[in-house]
Amino acid sequence: MKTAFTIAVLATLGCAAPAVAQIPVQQAVVREALWYWEIGGNGFFTGNVDRRIAESVSLRVGGMFIPLTDDVVPWSTVALVNKLVGREGHYLEIGAGVAAFGGLSANPAETESWIGPTAAIGYRREVRHTILRVTFAPVFVHTDGRRWLPMVGFSAGRTFR
């Protein structure tokens, strides 16, 4: 009887399910690079590249240069470091950086520019190869007096692995 019990225990252990540590875990795909257009936000209207530099930190660089008229050509650039809080494509995005704005003109008296700190807090949704963002992005502007300009930004673009 003792031998039969030993054989039964060994047979049961040999057929046991793998331990939890041995089961492969399916993780959410982290998109390493993003490209998107933003209307409003830190740069009024910009094309942006956002690259993960750590698991929950990204670096964003964007800009715009559009010759709308012959008089003054507006431009803007932004650079932010973002902290991403969340998982599975749903993120709270908190960022800080620098924004610069200006207008180029053939007449030097009409050419002006300013640079200042900016920030962003908002929601980022990454679905398959699509990114959607809504952010509140105050921009520090230097015109006539120093002040913060509250901006809301809407973004849509593509993600890359």
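Bear in mind the structure is a predicted one, so any value in this text is a computation, not a measurement. We're numbering straight along the sequence, starting at 1.
Under the 4.5 Å side-chain heavy-atom criterion for grouping Ile, Leu, Val, Met, Phe, Trp and Tyr, V78 is not connected to M151 through any hydrophobic cluster.
Using a 4.5 Å cut-off on side-chain heavy atoms (C-beta onward), V57 and V81 make contact.
Considering only residues two or more places apart in sequence or on other chains, A100 meets the side-chain contact (heavy atoms from CB on, under 4.5 Å) condition with W75, T77, I115.
Atom CZ of residue R125 and atom OG of residue S155 lie 15.5 Å apart, to the nearest 0.5 angstrom. Distance CD/E93 to OH/Y123: 12.0 Å, rounded to 0.5 Å. Residue I94 holds its CD1 atom at 12.5 Å from CG of L80, rounded to the nearest 0.5 Å. Taken from CZ in R51 to CZ in F160, the straight-line distance is 11.5 Å, to the nearest 0.5 Å. Here the OG atom belonging to S56 is positioned 11.5 Å from the CG atom belonging to L92, to the nearest 0.5 angstrom.
Using a 4.0 Å cut-off between charged nitrogen and carboxylate oxygen, D50 and R124 count as a salt-bridge pair.
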Side-chain donor-acceptor pairs under 3.5 Å in residues 39-49, sequence neighbours left out?
| unit_1 | atom_1 | unit_2 | atom_2 | d |
| --- | --- | --- | --- | --- |
| N42 | OD1 | R60 | NH1 | 2.9 |
| N42 | ND2 | T118 | OG1 | 2.6 |
| N42 | ND2 | A119 | O | 3.0 |
| T46 | OG1 | N48 | ND2 | 2.9 |
| N48 | OD1 | R60 | NE | 2.9 |
| N48 | OD1 | R60 | NH2 | 3.2 |
| N48 | ND2 | T46 | O | 3.2 |

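The minimum heavy-atom distance between F136 and P150, with the atom names listed, is CE1-CB, 3.8 Å.
The side chain to side chain contact (heavy atoms under 4.5 Å, CB included) test with L34 is passed by exactly one of H129, E126, R133: E126.
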Trace of the salt bridge (charged side-chain N to carboxylate O under 4.0 Å, His left out) decision for R52 with E32: CA-CA 5 Å; R52 291 277 176 103; E32 295 177 359; over 6 Å; no

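Applying the salt bridge (charged side-chain N to carboxylate O under 4.0 Å, His left out) rule to pairs touching residues 73-83 yields nothing, sequence neighbours excluded.
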